[in-house]
Amino acid sequence: MGASSLPEKLLKPYDPKQTESEIYKAWEKSGFFNPDKCVEVGVVNKDADTFSMVLPPPNVTGTLHLGHAFESALQDAIVRYARMNGKKTLWVPGTDHAAIATQEKVEKVLYKTEGKTRHDFGRNEFLDRVNKFAEQSHNTIVNQIYKLGASLDWSREAFTLDDKRTLAVRTAFLKMYDAGLIYQGERIVNWDPKLQTTVSDDEIDWIDETTNLYYLKYGPFIIATARPETKFGDKYVVMHPEDKRYSQYKHRDNITLEWINGPIIATVIKDSVIDMEFGTGVMTVTPWHDATDFDIAERHNLKKEQIIDLSGKLLPNAGEFAGLHIKKARPLIVERMQQKGLVEKIDNGYLHRIATNSRGGGSIEPQILKQWFVDVNKEFAIKKSQIKGIDSGAITSLKQIMRLSVTNGQVKIIPERFEKVYFHWIDNLRDWCISRQLWYGHQIPVWYKGDRVYVGIEPPAVSWQDDGWIQDSDTLDTWFSSALWTFSTLGWPEFANSAKKGELGPENDLANFHPTTIIDPGYEILFFWVARMVLMSGFLLGEVPFKTAYIHGILRDSKGRKFSKSLDNGVDPLEMIDRYGADALRMSLIIGVGPGNDSAFSEQKVKAYKLFANKLWNITRFILTNIETAEYDENFSDWTKVDTTIRGERDNMLKDITDDMNNYRLYMATEKLYQYVWRTFADKVIEESKEIFKDNNKAGASRRHLLVETLKKMTAALHPFMPFITEEIWSMLPIKNRKMLIVERWPE
RNA sequence: GCGCGAUUAGCUCAGUUGGUUAGAGCGCGUCUUUGACGUAGACGAGGCCAGAGGUUCGAAUCCUCUAUCGCGCACCA
C-alpha cells in the first residue's frame, strides 16, 4: 500500500477541527454513550459489571470555565476506561439550578439593563426571567461539554429543578420531616441583609478586619466588645464559674447599673464557655445577634431581644438611635457612651473576623429567625441499611451515617488526607439551615392554614389556594437537591421499589447503577456536596452514594491565582480547543496533576500536547506507508528476538498503566504513555525500523507487524485521554471486525 | 488556637508502597536532518530534592523539630 492510497487527511498535519465534531456526532449516533444501547447492539454483555458516575452538575449561571474542562477530562477518561473494560458504563449529565448564585446573577443583569429589582417584577414574572436565563446557560454549557468530548448519556440528562427532581426533593423532605429530622425552629442563623436571605454556615467567608476593641463599664464590670452598637439590650453579664476575681457575684445575682439609655437590671450568669484570659474575663450577651451568645442564652434559658432589624437598622429599643443603620450608628453610640463615662478605653488594632456571604452577598448579621433545619444529631431508627456498622432498624443519626460510611471503607476518599478534613467537619457540624428567602429554587413543600401545617409531596387539596392554604414562601438550599443527585437521576423515588437488577432501561437504573462507582468533585465542595450526598443517600436509601470520591484540586491561572471575575483572568475552554484541539487540552489538564492538588494552567502545556497529537498522527502515517495492509496478519507469530523483547517491555508498560488506571492514577498513566509513544516507540523502535526496512527480509515482516500492533495498542490506551484523534486513527488501521474505538477493549 | 498541604532544574510540575548515575514539559546551548513528523532528531548545560537532626545497608521518599507559603476548621466576646 503506497502513500497515494492513504486517507487524504493523513497526508497533512493533524487538524483537530476537521476531526472532532464529526467524531462526536458519530459517537452520539452510535448510541454507545448509553449502556442499554451498548447491550442491545452487542458491544457489551448483558451481565457485564456496571460502572456509573454522575457529572457534578454545572451551575446554570453562564458558561463553563477551564476548571470544568479539567473536571470533565478526568471523568471522561475514567468513564472511557471503564467502557473499554467491557463494563455497562453510565455517566449521567445534568445541570444545577444553583438557586442563590443564579438568582443573584439574574438580579444583577436585570438591574443593570432595566433598572428593576425582583420586587418590581413580582415572583412569577421574575422566575420566568430566571428560567429563561437558565435555559440559555444550559444550552451554552451543553455545547461546551460536547466540544470536550465527554461521553455522557444525554438520554438521561437531568436538571436539579425539573419535575423528576422536584418529586425527589419533596419526597426527601417529607420523609425527613416524618422522621423528625427536619424541623422548623427559631434559631440563630446567618442573615445576609443585602440579599435578604439566610445562608448556611458553610457558605460563609471569614474576612480578617482590624477594628477597635471597646472596653465598656458595665456596672462594676469592664466588658470588651468590637460591636458596641449591639449592646443596648444586654441584660446578662457572663463570667467563668471559677474566676476568682468575680467570686463575690453569684449565679443569677441581679445588679442595677447605668447603661446606654439609662439604668437597667443585669443578671449575673456563670458559664464555663468564658475564656478567663480574654479581656477582663467578663462579657455581656446579645443572644439575638451572636451565635455564641445564643448558645449561652439557650443553656440558661435567658431572654432574647432583637436589636437590629433584617435590613441592618436599629430597632426602637435602641432609643434615639432607632432607625439608624448599624454602620452609621456605631460612632454616635460610642460618642454617647463616652459622654456618659461608660468607655474605659479603646484598643485599636484589634484583629477580628467578619462573616460575609460567599455567594456574592454582604456582611452577615446573625439573627434569630424561624427557619427549617436538618437535625444532624437526632437519633432515629433507620428502616433499612446496608451501611456496615448500622443494621436495618438500628438507632442512628445523620452524623453517624456520614462518619461510618467512610470509616467502614464503603466510601473511599482519594487522596486519603481529605478523610481527615471530612471527619473534622462532621465533628464540628451544627444543624443544617435549609430554608432560603429566595424565589428561585424548590419552594418548601409545606402549606399553612391558620394553625394547621401540612407537609406533603402534593398540596393539601387541588383547590388549596381557594381553601385558604398558603405555601411556605421560602425555597430550599440548592445543596438539598444536589445531595440527592446520585439517585434522583437514577429513577428515585419513582422506581425505588420496582427497579430490577440486570434489566435494561432507565426504570431499572437504581438497581443497576446505585451506589455509583465514583464521584469526582473539587475539594471546595467536599462539605457542600460530598458529605451531604452521603447523608441523604444513607438516610433515604440506606446505602452510600458512591464507592470512591476522587477529589481533585483547583485549576488556577498561570500565576497561581484563582480564576475569578474580578481579576478577569478567565480562559474560555472553547478558545483553547479551537487553537489546540480538545485532545491536547484534555491531556494537558490531566498529565502530572495528582488528586487533590491545585495546578496552574499553562497554554504552553496545551501546545505541547498538540505537538504530541501531531506526533501520533505522523507515526500513523509512517507506519501505514510502510506496510501492506493485505499483508498484516493479526495472528502473526514469527517474531524476531529483538521484537519479542520490545513487545515484552511494551506489554509490561501497559500492565503498569493498567494498574495506574485501576487506582485512578491518571496523571501517571498519561505520563508513561506519552513517554513510551514518543521517546521509545517513535525515537527508538521506529527509527531502527528504517534500517530494517531497507532489506525486505524476515526481520522486516516481524517489524512491520510489531509497528502495527504497537500502534493499535497505543491508540487504544490513549483513547480515554485523547478520544478524538485516537478514534480517527483507529478507523485507518488494518483491523478485522472493526468497531468504534470507544467500545473496543483496553489493551493488555 | 486546632488541623491539612506545599517547599525538587530558569519557569510549571511529576517522582505510586524508601532501592542502582533524581525526571518531564517549556525555555536555553551545540550539531544534524530535506522520503513519517522543522509541530523533527541527536547530544548537552542546569538540581547539596527548603534547613537541621534521626531511623536504615540504603532517604527527595519514613520520624522529629525549624522556616516560608497556601488552605481548611473553630462560639475569644
Side-chain angles (χ1 to χ4, degrees), chain A residues 3 6 10-14 188 201-202 206 213-216 223-227 230-231 234 238 271 273-286 290-296 350-353 366 415-430 523-524 526-527 553-554 556 558-560 580 584 587-588 591-626 656 659-660 663-665 667-672 674-675 678-679 682-683 686-687 689-690 707:
Chain A
L6 286 179
L10 194 56
L11 298 175
K12 289 179 279 185
Y14 177 62
I188 191 144
D201 292 348
D202 297 292
W206 293 90
L213 187 63
Y214 303 89
Y215 287 83
L216 307 177
I223 59 159
T225 182
R227 303 198 56 191
T230 64
K231 295 288 160 193
D234 289 10
V238 192
D271 193 300
V273 78
I274 299 297
D275 180 358
M276 290 188 271
E277 309 289 312
F278 185 86
T280 56
V282 182
M283 65 178 235
T284 61
V285 293
T286 315
D290 185 286
T292 313
D293 297 2
F294 178 84
D295 288 347
I296 294 172
Y350 173 68
L351 187 72
H352 86 146
R353 278 174 296 274
E416 216 175 274
R417 65 185 143 93
F418 283 113
E419 291 190 0
K420 288 182 192 170
V421 180
Y422 175 88
F423 293 134
H424 190 58
W425 178 80
I426 292 174
D427 291 341
N428 288 298
L429 188 61
R430 295 162 161 244
Y523 61 73
E524 74 276 13
L526 180 63
F527 310 138
I554 294 172
R556 297 168 178 275
S558 57
K559 294 179 182 130
Y580 306 105
M587 195 70 171
S588 77
I591 203 162
V593 180
N597 289 354
D598 291 356
S599 59
F601 177 74
S602 154
E603 192 168 336
Q604 284 284 9
K605 198 173 168 188
V606 186
K607 197 176 162 189
Y609 295 104
K610 180 187 163 71
L611 301 189
F612 179 62
N614 193 59
K615 187 73 184 179
L616 195 61
W617 192 249
N618 283 308
I619 287 170
T620 305
R621 183 192 308 158
F622 176 81
I623 292 175
L624 291 183
T625 50
N626 280 284
D656 196 23
D659 186 55
D660 286 334
N663 291 287
Y664 303 113
R665 291 190 297 262
Y667 60 108
M668 297 208 64
T670 41
E671 180 88 47
K672 287 169 187 168
Y674 176 90
Q675 287 303 315
W678 203 319
R679 304 274 89 101
D683 292 351
I686 290 180
E687 285 303 320
S689 305
K690 291 176 184 171
L707 294 188

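In this text, all values refer to a predicted model and were calculated from it rather than measured experimentally. Reminder, nothing fancy here: chain letters follow the sequence lines and each chain counts from 1.
When rounded to the nearest whole Å, the span between CG of A/Leu616 and P of B/C37 equals 16 Å.
A/Lys615 comes within contact range of at least one nucleobase, with a heavy-atom separation under 4.0 Å. Within 4.0 Å (heavy atoms only), A/Ala682 reaches at least one base atom of the nucleic acid. Nucleic acid contact for A/Ile686: base, since at least one base atom lies under 4.0 Å from a heavy atom of the residue. Within 4.0 Å (heavy atoms only), A/Trp678 reaches sugar-phosphate atoms of the nucleic acid but no base atom.
When the P atom is used for both B/U64 and B/G27, the distance is 42 Å, rounded to whole Å. Only the C1' atoms considered, B/U8 is 10 Å distant from B/G23, to the nearest whole Å. Comparing B/U61 with B/U7, their C1' atoms are spaced 14 Å from each other, to the whole Å. To the nearest whole angstrom, the two P atoms, one in B/U17 and one in B/G54, are 25 Å apart. Remark: the separation of the C1' atoms in B/G19 and B/A6 is 26 Å, to the nearest Å. Taking atom C1' on both nucleotides, B/G46 is separated from B/G29 by 11 Å, rounded to a whole Å. Rounded to the nearest Å, the gap between the C1' atom of B/U55 and that of B/C65 is 15 Å. Comparing the same atom, C1', in B/A9 and in B/C62 gives a spacing of 26 Å after rounding to whole Å.
For A/Lys672, the NZ atom is densely surrounded, since the number of other residues' heavy atoms within 6.0 Å is greater than 12.
Summary of the strand contacts: A/Glu671 and A/Asp659 both lie near RNA chain B, and taking for each the nucleotide with the nearest heavy atom, the more 5' one is attributed to A/Asp659. Nearest-nucleotide positions on RNA chain B for A/Arg227 and A/Met668 put A/Met668 closer to the 5' end.
Across all strands shown, B/G53 pairs with B/C63; the Watson-Crick or G-U wobble distances both stay below 3.5 Å. Pair check for B/C69 finds B/G5; Watson-Crick or G-U wobble, both atom distances under 3.5 Å. Figure legend. B/U20 is base-paired to no nucleotide; pairs are counted as Watson-Crick or G-U wobble with both atom distances under 3.5 Å. In a base pair of the Watson-Crick type (N1 to N3 plus N6-O4 or O6-N4) or a G-U wobble (N1-O2 and O6-N3), with each distance short of 3.5 Å, B/C11 is matched with B/G25. Across all strands shown, the partner of B/U32 is B/A40, judged by Watson-Crick or G-U wobble contacts whose two distances both fall under 3.5 Å.
Proximity of A/Asn663 to the phosphate of B/U17: no side-chain N or O atom is located under 4.0 Å from OP1 or OP2. The side chain of A/Trp425 contributes no N or O atom lying less than 4.0 Å from OP1 or OP2 of B/G3. Phosphate proximity of B/G3 to A/Arg417: absent, as no side-chain N or O sits under 4.0 Å from OP1 or OP2. Between A/Tyr14 and B/C37, a side-chain N or O to OP1/OP2 separation shorter than 4.0 Å is absent. The phosphate of B/G41 has OP1 or OP2 within less than 4.0 Å of a side-chain N or O from A/Arg679. Taking 4.0 angstrom as the limit, A/Tyr350 places a side-chain polar atom (N or O) nearer than this to OP1 or OP2 of B/A77. For A/Lys610 and B/C26, the shortest distance from a side-chain N or O to OP1 or OP2 is not below 4.0 Å.
Judged by distance alone, with hydrogens and angles left aside, A/Lys420 brings no side-chain donor or acceptor close enough to the base of B/C4 to form a pair under 3.5 Å. Judged by distance alone, with hydrogens and angles left aside, A/Lys690 brings a side-chain donor or acceptor within reach of the base of B/A36, the pair sitting under 3.5 Å. Scanning atom types as modelled, one donor and one acceptor separated by under 3.5 angstrom connect the side chain of A/Glu687 and the base of B/A36.
Between A/Leu213 and A/Ala226 the shortest heavy-atom distance is CD1-N, 3.8 Å. A pairwise comparison of heavy atoms in A/Tyr14 and A/Asn614 identifies N-OD1, 3.0 Å as the closest pair.
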